[in-house]
Amino acid sequence: MKKTKALEFYTAEVGKPLQMPYFENGVSAGFPSPATDYLDAKLDLNDLLVEHPSATYYVRVIGDSMIGAGIVSGDLLVVDKSLEVSNNCIVVAYLDGEFTVKRIKKTKTKMFLNAENDNYKPIEITKDMDFVVFGVVAHSIHHFV
Amino acid sequence: MIGLADCNNFYASCERAFNPKLRNKPIVVLSNNDGCVIARSNEARALGIKMGEPAFKIKSLIDKNKVNVFSTNFALYGDMSDRVMSVMREEVEVMEVYSIDEAFLDFSDLVDLDRALALIKKVKQWTGIPISIGLAPTKSLAKVANHIAKKHTKKGIFILDDEDLIKRALNVFPVEDLWGVGRKYAKRLKQSGIRTALEFISADEGWIRRNFSVNAVRLQKELKGEKCYDLELTTQRKNNICTARSFGKEVKSCKKLSEAVSTFANTCATKLRKEKSCCSKISVFITTNPFKPNAKQYHPYITLNFETPTNDSMEIVNMANKALEYIYRDDCVYKKAGVIVGNTTPQDEVQMSLFDTINRDKQKKLMYSVDKINMLMGRDKIRLAAQGFARKWKLRQEKLSPCYTTRFADVLTIKI
């Protein structure tokens, strides 16, 4: 490129992109879509379901013990570890060697893990149990198709 | 004050975060190809398992003590590291991520102990990962403080600020555990009678400069409380990106070697795109097994240039294969290969070559789509045919835990 002095070449600066809104319906000569003035970002489900991204984990459940709470076998739970455990919240907990999902019920002196299905009895949490809360269930995602 | 936050037994803690059964149990994590121990839980350390020990040598120890063994799960560790770092960033604005499990924190406006303790608690609650924090006037002393926090405190925090305390701490601190002192330096220091950090800072500066390096002088100053290193706040664009692996099984055929090299080149290209960089040169190397001295030894290395800097997988893989053709010999058996891309420039400052024949816009869109799909569906779901399918050279990862946080197919499944 630099061999001839009579003629100098310059490379085009094409690397820097120009930020422009993206017009889905292209540019045509006809009447412009009146909606293009109202271009907005698309909805992102993360905004709705994930309040604390660094504390959010997903868990798949199998079983029917939480049917009354609307958690069905195969659902995907959105679990937020940043939330404090309070009475009536649904938690993913580790109890004596197994993970489970249940609703926390606190009385003045006792704490229970309650199922939402009459076939399952409440489990009283006692001091000799190995019990840790993994996180609070914030949402359940159910698949229909 | 500078704080050094360090995750406790990070890899083992990541495994524990999703598997509480592992609490208080010995855990070891093995290197690529399940070769050597690269991480241990405290319980495994107590059994006498050492870092770097080959797995086959400690097999009976592992079986006898029911040690839980894992292959390296970098997808999991990388994601958990991101989480830990972003939780800390919410609390401490100015920080330098130093490694996968360590960060230097600017604590100048965070003097009270309660806030530091709250940070430890928050990281533990949000991620399940325990961390320790060492606080001191310099980075090198913060490292020392962190060691003490880990070994000798329950809450995981130690402040090393007054002169007398620093002296007492350095007096019992082994010189080989100091920041940046490698095995070689430690050996030479010990030969000169320097065993502790206190003996190191008492040594003559000129002597240190002559016998070691300017970095050793800086370390000495830092341990005396004089700041030589500031927090590095802007992440430096990497000038070189290397992907190299040893093979699960030795490789002889050019085709299999080419599949491996193509995969490494593709990984480099993906990393470049993630950093929004382009490279202008590529090096490829292959090596035979140095532990088989009777076999023919051959370690060639070649570098080729790109006319226009690129981060396009196809171009980079093509060039990598061209390089491999130059150096491949069919009378050797290979144990390892690697690809290094270098001379990087930011992708929006690339100078185009006038005689460029590639439709770069089209390629850019294609790569963008490939990256997006692979991010959703898992690494290398879409790959170049050159990468092959059989992957006989692939890593041995027999004890890999699920990628709990990065693949929907791998999330925790719970019977309720």
Side-chain angles (χ1 to χ4, degrees), chain A residues 1 9-18 52-67 69 71-85 90 92-103 113 115-117 120 130-137 141, chain B residues 16-24 76 79-91 121-129 276-278 307-311 345-356 360-361 364 402-416:
Chain A
M1 270 200 288
F9 288 101
Y10 295 94
T11 48
E13 170 46 358
V14 291
K16 285 216 174 85
L18 190 61
H52 307 105
S54 11
T56 298
Y57 303 81
Y58 301 100
V59 167
R60 182 84 61 194
V61 290
I62 294 167
D64 59 1
S65 73
M66 292 301 283
I67 259 174
I71 298 174
V72 181
S73 197
D75 284 359
L76 185 76
L77 305 183
V78 180
V79 181
D80 189 336
K81 270 173 91 90
S82 75
L83 302 177
E84 291 297 329
V85 178
I90 297 174
V92 172
Y94 179 78
L95 181 67
D96 286 340
E98 299 290 340
F99 274 114
T100 186
V101 176
K102 293 286 178 288
R103 195 185 286 282
L113 288 183
E116 301 254 335
N117 179 337
Y120 297 82
D130 184 10
F131 174 72
V132 195
V133 172
F134 176 84
V136 173
V137 177
I141 298 170
Chain B
R16 272 182 185 146
F18 297 91
N19 193 350
K21 267 182 201 157
L22 299 171
R23 282 169 308 162
N24 309 317
L76 176 66
D79 181 68
M80 293 309 285
S81 168
D82 275 357
R83 287 167 185 260
V84 169
M85 298 305 168
S86 45
V87 173
M88 291 201 283
R89 206 178 289 278
E90 277 180 30
E91 299 300 312
K121 196 177 157 221
K122 185 173 174 183
V123 171
K124 179 81 186 8
Q125 180 170 352
W126 286 43
T127 67
I129 305 290
K276 299 194 190 322
S277 290
C278 288
E307 195 154 330
T308 303
T310 181
N311 57 18
T345 44
Q347 68 179 16
D348 45 9
E349 285 169 25
V350 165
Q351 291 288 318
M352 306 297 279
S353 157
L354 192 61
F355 304 106
D356 197 25
R360 294 195 182 269
D361 274 343
K364 205 171 158 187
C403 297
Y404 299 104
T405 59
T406 52
R407 276 186 213 163
F408 275 117
D410 279 12
V411 300
L412 272 180
T413 298
I414 301 178
K415 280 195 185 129
I416 63 168

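Being a predicted model, the structure only gives us computed values, none of them experimental.
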query: Does the side chain of B:Met80 come within less than 4.5 Å of B:Ile129's, by heavy atoms?
result: yes

field: Residue A:Asp130 versus chain B: region with a heavy atom under 4.5 Å
entry: side chain

query: At a heavy-atom separation under 4.5 Å, does B:Thr405 approach chain A through its side chain, its backbone, both, or neither?
result: side chain

task: May I ask you to check whether A:Tyr57 and B:Tyr404 place their ring centres under 6.0 Å from each other?
output: no

message: Quick check for you: to the nearest 0.5 Å, what is the distance between A:Arg60 atom CZ and B:Asp410 atom CG?
response: 11.5 Å

task: Would you please test A:His52 and A:Leu83 for side-chain contact (heavy atoms from CB on, under 4.5 Å) and show each step?
output: CA-CA 9 Å; A:His52 307 105; A:Leu83 302 177; 4.1 Å; yes

message: Can you tell me how far apart NZ (B:Lys21) and CZ (B:Arg16) are? Round to the nearest 0.5 Å.
response: 15.0 Å

Side chain, backbone, both or neither of A:Val92 within contact of chain B (heavy atoms, under 4.5 Å): side chain

task: Check whether more than 12 heavy atoms from other residues, nucleotides or ligands sit under 6.0 Å from atom CD of B:Glu307, and answer yes or no.
output: no

- prompt: Is it the backbone or the side chain of A:Tyr94 that comes under 4.5 Å from a heavy atom of chain B, or both, or neither?
  reply: side chain

query: What part of B:Arg360 gets closer than 4.5 Å to chain A, counting heavy atoms only: side chain, backbone, both or neither?
result: neither

- prompt: Using non-hydrogen atoms only, which part of B:Met85 is less than 4.5 Å away from chain A: side chain, backbone, both, or neither?
  reply: neither

field: Segment of A:Thr56 engaging chain B (4.5 angstrom heavy-atom cut-off)
entry: backbone

- prompt: At a heavy-atom separation under 4.5 Å, does A:Val132 approach chain B through its side chain, its backbone, both, or neither?
  reply: side chain

